[in-house]
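Below is one structure, written out as structure tokens; the observations come after it.
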Amino acid sequence: MDVFQNLLMGFSIALTAQNLLLAFIGSLLGTLIGVLPGIGPAAGAAMLIPLTFQMGPTGAIILLTSLFYGTQYGGTITSVLMNVPGEAASAITCLDGYAMAKQGRAGVALSIAAVGSFIGGTFATIALVFAAGPLTRWALEFGPVEFFALIVLGISMLTGLAGKSMIKALMMGVFGLALAMIGIDPIRGSPRFTFDRVELMDGIGFVPVIMGLFGLAEILENAEKPFAQMVLARMSTLIPTRGDIRDSVGPILRGSVIGTTLGLVPGITNSASSFLAYIAEKKSSKTPERFGTGMVAGVAGPETANNAHANGALIPLFTLGIPASPTIAVIMGAFMMHGIIPGPLLFKEHTAVAWGVIASFYVGNVILLILNLPLIGIWVQILKIPYGVLCGIIMAFMVLGAYSVGNSTFDVAVMTLFGVVGYLLKKFDFPLAPIVLTLILGPLMERSLRQSLEISQGSFGIFLSSPIAVVLLSLAALFLIVPAFMFFRRRKGVLPGDGEAVA
Amino acid sequence: MVKHRFSAWGRVMVGIGGLLIVSVLFSAVWAADYPQKGKTIQMLVGNAAGGPTDLGARIMAAGLEKELGVPVVVVNKPGANGQIQLTQVATSKPDGYLFGTVNFPVTITGYLDPTRKTTYNRKSFEPLAMHVNDPNIFAVLAKSPYKTLKDLVDAAKAKPKTITVSSGMRNDEQIGIVQLQKMTGAEFAQVSFTQGTAPSVVALLGGKIEVHCGHAADVLGHVRSGDVRVLGVMDDEESPFLPGVKTFEAQGYKIYSASSRGYLMPAGTPKEILSTLSGAMKKVMATGEHKKKMAEMGLSIRYMDPSQLGKFWDESETMVKELEPLLK
Amino acid sequence: MRRSHQMAALFFLAVSAYLMWESWNNMEYYTPLGPGAGFFPFWLGALLGGLGIAWLIQVSGRSGGIEAGPSLPPRGGIVRILSILLSLAAVSAFMDLLGFQLVMFLFMLFVLMILGRQRIWTTLIIALICSVGVYRLFGRYLDVQLPAAFPAFLANLGL
């Protein structure tokens, strides 16, 4: 088969000493950048570009792409060990990952995440190789109308994040949407809820907010007791049990599919992918109420999804020359600087480069797995540091991270504020995850609604004219109505086990 | 009255005159020493890392380092379409060790918009140099019924507000579209895409919008593969990246609209520093390596020195003020 | 315990009132093409208010006593929490003025020595790494310029 021949050729290119080395360096740097909060892959890639001037195109692209999907591996580490999201997509891993760390299962969480990431990334790459064309055509069906419907569906799924209290989950969802309204509105273009601060014009920084809500709030909670009394699980098991592995199979499969398909749609960030994978796991699980306490599925699903998303998002770049995210735009710039225009003619005109890079995606994912697994033993040693010291280091880390998002001390203040907010919300038993979900999806929703109505010049009928949109919106309605319905039925005492659930 | 040789006033004038001469000499000497070895020049980029402005700026920074012999460090201060970065540049010391990027026309529409409450305006800055001039284009799918610009305009006149065009929010794209509408009386259905050009190219390819208003670099690949046709370029000359595509002017609509990127410094920076740095940029832009890299990104460069840029800025400001009421 | 829940609910109601008031007065509700800037904030405010009232009722009703309320942490805990918050606020306030290294150094001293009760040597080493070390590392290798001190005499010290 043609594809296999090309693939073989690609491997012969990817496995040369130079390209292997570049893939390794890119993966290493990517992992480190993923660990460091604030500095995202886009900034890291942009910084490397001048270095790539001297390299050939294949080498340059291999370096940058391995950095890109490598960051997805690194972000998990701080989420699991310190409850500090290394980057947006890892926020959801904090929920169950950190819980597992507190139970002494940090190593398990990290290894399952690494394996899941590998499988997710490889799955997406296989999709690229064998189904790039049809998948991209499918992705092109998503115009503003369909996009809006998809986002609404995503928001409606916040009911899946509700723990004991639906009202509280909904309140947090609304709160997150309200936070998403801060900034320049997509309609008139003037500032909204910015209190005349320039820094808020682009919206409240997402990374400082989640660092505050998760990382700082956790520290504040721990500060209630003297630090000497704080013990973060001394022993950490590294090897997953057979049960763990069995529990991960489903989530990994589901995560791969979810991540790859959502990665194809430009505009959906990989945090959305990982969140939706989490919700999917919660819904598919026999014990949804135990999510948040250290369920392996809660780590395996999202981590697989965000890597599948990263690799999947590269597909539109190769087939159509469309960057699905800012980092990929940098990679596209790198392509162009070497005289290659990614797009429909890429495979025809630069067959060697294209297939060499694709083969390196496989190679890169393998390198990352090999790189990360042994490191887990080292990373979990961090948990052995006495909390009195660890807490200081974590806070320094967060200050640095919050600052480096936009080189602004304002973001540090935002993080501090949301640390308080998160602390208080936790005290009152409010779930934090819905805030993050709606904060991510909120701006996307308003913008695509506006675009859809500009296309139709005000007519809402446009939503009914698209079959995809109709399907997605109906699903969204179902997700919102069914849980509400169940909730009311429970209140009437129809279903057993009422005593536990309070609204 | 005792008559002194020099009256009190005279002494004051001599004193002031002396101070002026000394400071001019001093600044000339000081400026002639610019840039001093061991000091770092910061380039503040008002856009996120990896975007077109940032990439062009980084390429320039790399060239400047070689030319000037001092480190030139890029610092990204994204946010509010450059407002955060410009605020910082406007309030920083005019000693030549910090300069920033400037994007036209969004910088101008930014400080002219009262709701933005910017703390700076034209007078807060000294123009330094112009770097990139990226003219707007109109692109449609190859299979679209509009073969020429005239087809499009006629169709838009026949069915006002039905032909969808991707537009921005008070940026070069919207200005170009608005000028066309004003000139021809046609009315398009403007669809705002504010997060970069990729989403609108996707919408075009998927058939969700009919016209993509953007820049040459957005569609290079698709033009070569034959999927997309560019109807015109809003510039005074044809784009080297789109051979055969006529300008709007040549087709009867004299419209120039472009996203231009340049550099500026805080007001009060001595002229010598401005001309040294600007001259260095001119040299960088003339090197083959720089030209090649920018050309591969699909960015056409056009140098302007401080006074030319100042003139361009003033003219653009006038044009924007005229079109202000039409920009939503 | 019921009281604190009620206070929390009232807080949310205050936020929702603010949202509704601000969007009603200062923003466009509807434009010819669809919802204006004030549309969603208004309805979100209303929704938050509705949910807040529902929660208030729930908490004030007879079954409200079942749910254990948040307990106030012991005095030592409150002091620790407030001092962490104040020191972080100081960091963000002073970092642009005094430079990253100085501010971070002081911050680490505070957190490690006073809060964490660590020995002086451990504190100094870690504080130095986190302040000066990170500054040099990020500046040289990662191209991230952390803030330098503004007053000239501090800047000349290399801060």
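Chain A is the first sequence line, chain B the second, and so forth, proteins listed ahead of strands; every chain is numbered from 1. All values below were derived from every heavy atom in this structure, side-chain atoms included, with hydrogens, water molecules and symmetry-related copies excluded. In this text, all values refer to a predicted model and were calculated from it rather than measured experimentally.
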Side chain, backbone, both or neither of [X] within contact of chain B (heavy atoms, under 4.5 Å):
| X | value |
| --- | --- |
| A:P266 | side chain |
| A:L320 | both |
| A:Q457 | side chain |
| A:R447 | side chain |
| A:A42 | both |
| A:I184 | side chain |

So which of [options] has the largest heavy-atom pair count under 4.5 angstrom toward chain A?
| options | answer |
| --- | --- |
| B:V202, B:I163, B:V165, B:D113 | B:V202 |
| B:G226, B:A80, B:G221 | B:A80 |
| B:S225, B:A295, B:G298 | B:S225 |
| B:R224, B:E210, B:K117 | B:R224 |
| B:V191, B:T194, B:T164, B:T115 | B:V191 |

How long is the gap from [atom1] on [X] to [atom2] on [Y], to the nearest 0.5 Å?
| X | Y | atom1 | atom2 | result |
| --- | --- | --- | --- | --- |
| B:S192 | A:E454 | OG | CD | 3.0 Å |
| B:L205 | A:R137 | CG | CZ | 12.5 Å |
| A:E199 | B:T87 | CD | OG1 | 8.5 Å |
| A:L345 | B:H222 | CG | NE2 | 9.5 Å |

Side chain, backbone, both or neither: which part of [X] has a non-hydrogen atom closer than 4.5 Å to chain A?
| X | result |
| --- | --- |
| B:L55 | side chain |
| B:D227 | side chain |
| B:I209 | side chain |

Exercise. Would you find a donor on one side and an acceptor on the other, under 3.5 Å apart, between the side chain of B:Q83 and the backbone of A:V198?
Worked result: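 Not at all, since once roles are kept as given, no pair shorter than 3.5 Å links the two residues.
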Tell me, out of [options], who's got the most heavy-atom pairs with chain B below 4.5 Å.
| options | result |
| --- | --- |
| A:V405, A:I322, A:T194 | A:I322 |
| A:G321, A:G343, A:G339 | A:G339 |
| A:N407, A:L346, A:L453 | A:N407 |

For this session: Test B:K208 against A:E141 for side chain to side chain contact (heavy atoms under 4.5 Å, CB included), laying out the working first.
Result: CA-CA 8 Å; B:K208 310 292 176 183; A:E141 291 298 313; 4.3 Å; yes
For this session: Measure across B:E296 and A:M336 and return the closest heavy-atom pair with its distance rounded to 0.1 Å.
Result: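 Closest heavy-atom pair between B:E296 and A:M336: CB-O, 2.8 Å.
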Exercise. Is the number of heavy atoms from other residues, nucleotides or ligands under 6.0 Å of B:E289 CD greater than 12?
Worked result: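 Result for CD/B:E289: open.
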